[in-house]
Protein chains: 2
Amino acid sequence: MKVSKETVEQNRERVIATAARLFRERGIDGIGLVDLMKAAGLTPGGFYRQFKSKDDLIVQAVKRAYTDMSEDIAGRIAASDDPLETLVRHYVSDYHRDDPGQGCGLAAMAADAARHDNPALRECFGSIVSNYIGLLTKLVPGGTAKAKRSAAISALAEMIGSVVLSRVVPDPALSGEIIDTVSNDLVKRHAKSSRTA
Amino acid sequence: MKVSKETVEQNRERVIATAARLFRERGIDGIGLVDLMKAAGLTPGGFYRQFKSKDDLIVQAVKRAYTDMSEDIAGRIAASDDPLETLVRHYVSDYHRDDPGQGCGLAAMAADAARHDNPALRECFGSIVSNYIGLLTKLVPGGTAKAKRSAAISALAEMIGSVVLSRVVPDPALSGEIIDTVSNDLVKRHAKSSRTA
DNA sequence: CCATTATGATTACGACCATAATCATTAATC
DNA sequence: GATTAATGATTATGGTCGTAATCATAATGG
């Protein structure tokens with residue numbers, strides 16, 4: 001059943017994209033290779049021809065999830081006159097809460113990944129965290145470089161924590177309150193011109 | 001192999017305590033009933049005599065994890081003259097980061113639980129989040145009740161996010177920076193007498 | 001145009017999963 | 001002290017897991 005080179009590449013892309021979505025939706029260990037390949041429109045047959053192991057795919061899927069999210073954010077930021085508010089409102093939102101499969105890999109998979117001892121995977125998450133901190137450091141207003149980095153780290157933690165919390169809380173009112181409170185709090189605290197609300 | 005009533009209760013307690021630890025360490029789906037019972041010093045035989053299902057045990061273990069953590073915190077707070085700082089320094093710490101098995105169930109299991117459709121489990125996490133918010137609302141200084149609740153929600157999100165992030169980052173320097181930055185930031189922002197650092 | 005080679009479908013493996021029935025043992029009860 | 005009832009050890013079941021070998025197919029390289 002040999003297929004053309006471009007088909008091979010398309011299949012490979014589709015498997016990675018599918019994995020990036022399903023790992024975020026169901027957890028890294030929440031989806032098996034058989035179902036994953038099936039969701040990508042293939043049988044599990046050729047998996048180990050394309051990937052060294054499931055751990056190998058996990059790393060590539062995590063990277064893909066990040067680059068997709070990253071490009072989306074970059075686009076929104078470029079088109080905005082208040083990049084930080086744009087980022088916060090996009091990240092800490094009910095849309096993001098309700099669609100983990102297209103959302104941030106940190107909120108969706110960090111707790112899972114922390115339990116994996118795969119060094120490549122952990123290293124990958126390390127870079128992602130660094131990149132997020134770097135992005136936020138650039139967007140956070142005023143102060144010394146050190147103060148900006150601190151504010152960025154705190155903001156990132158608060159953003160991720162709010163999404164994780166909002167996803168586990170079943171009461172829509174409380175879940176929504178968490179989203180609204182944190183997004184408003186972050187926007188206010190880092191307001192463009194440091195007016196005090 | 002019938003045993004005395006007190007032995008039964010001891011066994012049951014041990015299973016729940018073991019589950020509360022292992023679910024936090026390995027994830028809710030990261031430990032099977034056979035290994036779990038073995039870790040509790042039993043065989044899987046009598047499991048379904050004591051628990052309706054694994055989901056049933058999960059709920060009880062999550063509750064146990066919370067009450068244990070909650071009592072520990074209550075004790076520390078009662079013995080402190082700055083309860084909020086005590087709580088923050090205890091929660092956002094390298095000890096907590098490195099010992100998820102005895103730590104906060106939200107940081108360890110919320111992402112897992114959000115993917116389970118077990119209503120009892122979700123409801124359980126809902127109450128836990130509410131309780132944490134209630135506790136923090138009492139500890140946060142000054143302002144209106146509404147402002148205090150908002151500050152509490154933001155603080156909880158930041159605390160949980162920081163622990164999740166610090167656990168997944170493999171570089172000890174960055175992981176420690178996250179812990180230090182967030183704990184200092186929270187303590188400063190909610191300083192007892194609202195001095196501006 | 002033929003030989004080579006890469007692709008993915010099929011099938012299989014051993015391990016583990018949650019769940020459950022069977023059964024020897026012994027505490028509780030009368 | 002004999003009967004009853006409950007506990008947990010053993011064993012089984014159907015399913016899924018990651019991994020891998022086998023093999024028909026067809027695109028590629030000469």
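Residue numbers begin at 1 in each chain, while the letters A, B, ... track the order of the sequences. For the numbers below, each heavy atom of this structure counts, side chains included, while hydrogens, waters and symmetry mates do not.
- Separation of atoms NZ (Lys38(A)) and OG1 (Thr43(A)) is listed at 10.0 Å; rounding is to 0.5 Å.
- Here the CD1 atom belonging to Ile28(B) is positioned 13.0 Å from the CG atom belonging to Asp29(A), to the nearest 0.5 angstrom.
- Taking 4.0 angstrom as the limit, Tyr48(A) places a side-chain polar atom (N or O) nearer than this to OP1 or OP2 of dT19(D).
- Scanning all heavy atoms of the two residues, the minimum distance from Thr18(A) to Leu36(A) falls at CG2-O, 4.0 Å.
- The separation between Lys38(A) atom NZ and dT16(D) atom C1' is 11 Å, rounded to whole Å.
- If you check the side chains of Thr7(A) and Ser4(A), you find a donor sitting under 3.5 Å from an acceptor.
- Side-chain atoms of Thr137(A) come within 3.5 Å of backbone N or O of Ile133(A) as a donor-acceptor pair.
- Take Tyr91(A) and apply the ring pair (Phe, Tyr, Trp, His ring centres under 6.0 Å) test, not counting sequence neighbours, and it matches His96(A).
- Using a 4.0 Å cutoff on non-hydrogen atoms, the parts of residues 53-64 of chain B near DNA chain C are Ser53(B), Lys54(B), ordered by number.
- Taking atom CZ of Phe51(B) as the reference point, atom C1' of dG8(D) lies 13 Å away to the nearest angstrom.
- Without hydrogens or angle criteria, Asp185(B) side chain to Thr181(B) main chain gives no donor-acceptor distance under 3.5 Å.
- Only at 4.0 angstrom or more do the heavy atoms of residues 110-124 of chain B sit from any atom of DNA chain C, so none qualifies.
- With ring centers used as reference points, Tyr66(A) lies 6.0 Å or more from Phe125(A).
- Near DNA chain D, meaning a heavy atom under 4.0 Å away, there are no residues from residues 7-26 of chain A.
- Atom pair Leu33(A):CG and dT19(D):P shows a separation of 6 Å (rounding to whole Å applied).
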All N/O contacts under 3.5 Å from nucleotides 9-11 of chain C to the protein, with atom names and distances to one decimal?
residue	atom	partner	partner atom	Å
dA9(C)	OP2	Thr43(A)	N	2.7
dA9(C)	OP2	Thr43(A)	O	3.4
dA9(C)	OP2	Thr43(A)	OG1	2.1
dA9(C)	O5'	Thr43(A)	OG1	3.0

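- At whole-Å resolution of the value, CZ in Phe47(B) and P in dT10(D) are 18 Å apart.
- Between Ile31(A) atom CD1 and dG18(D) atom C1' the separation is 13 Å, expressed in whole Å.
- Dashed line: the shortest gap from a side-chain N or O of Gln50(A) to OP1 or OP2 of dT7(C) is not under 4.0 Å.
- Between Leu165(A) and Leu106(B) the shortest heavy-atom distance is CD2-CD1, 4.1 Å.
- Taking atom CG on Asp35(B) and atom C1' on dA15(C), their separation rounds to 11 Å, with Å as the unit.
- Salt bridge status for Arg14(A) with Glu9(A): absent, with no side-chain N to carboxylate O gap under 4.0 Å.
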Got a list of protein N/O to nucleotides 28-30 of chain C N/O distances below 3.5 Å?
residue	atom	partner	partner atom	Å
dA28(C)	OP1	Lys5(B)	N	3.2

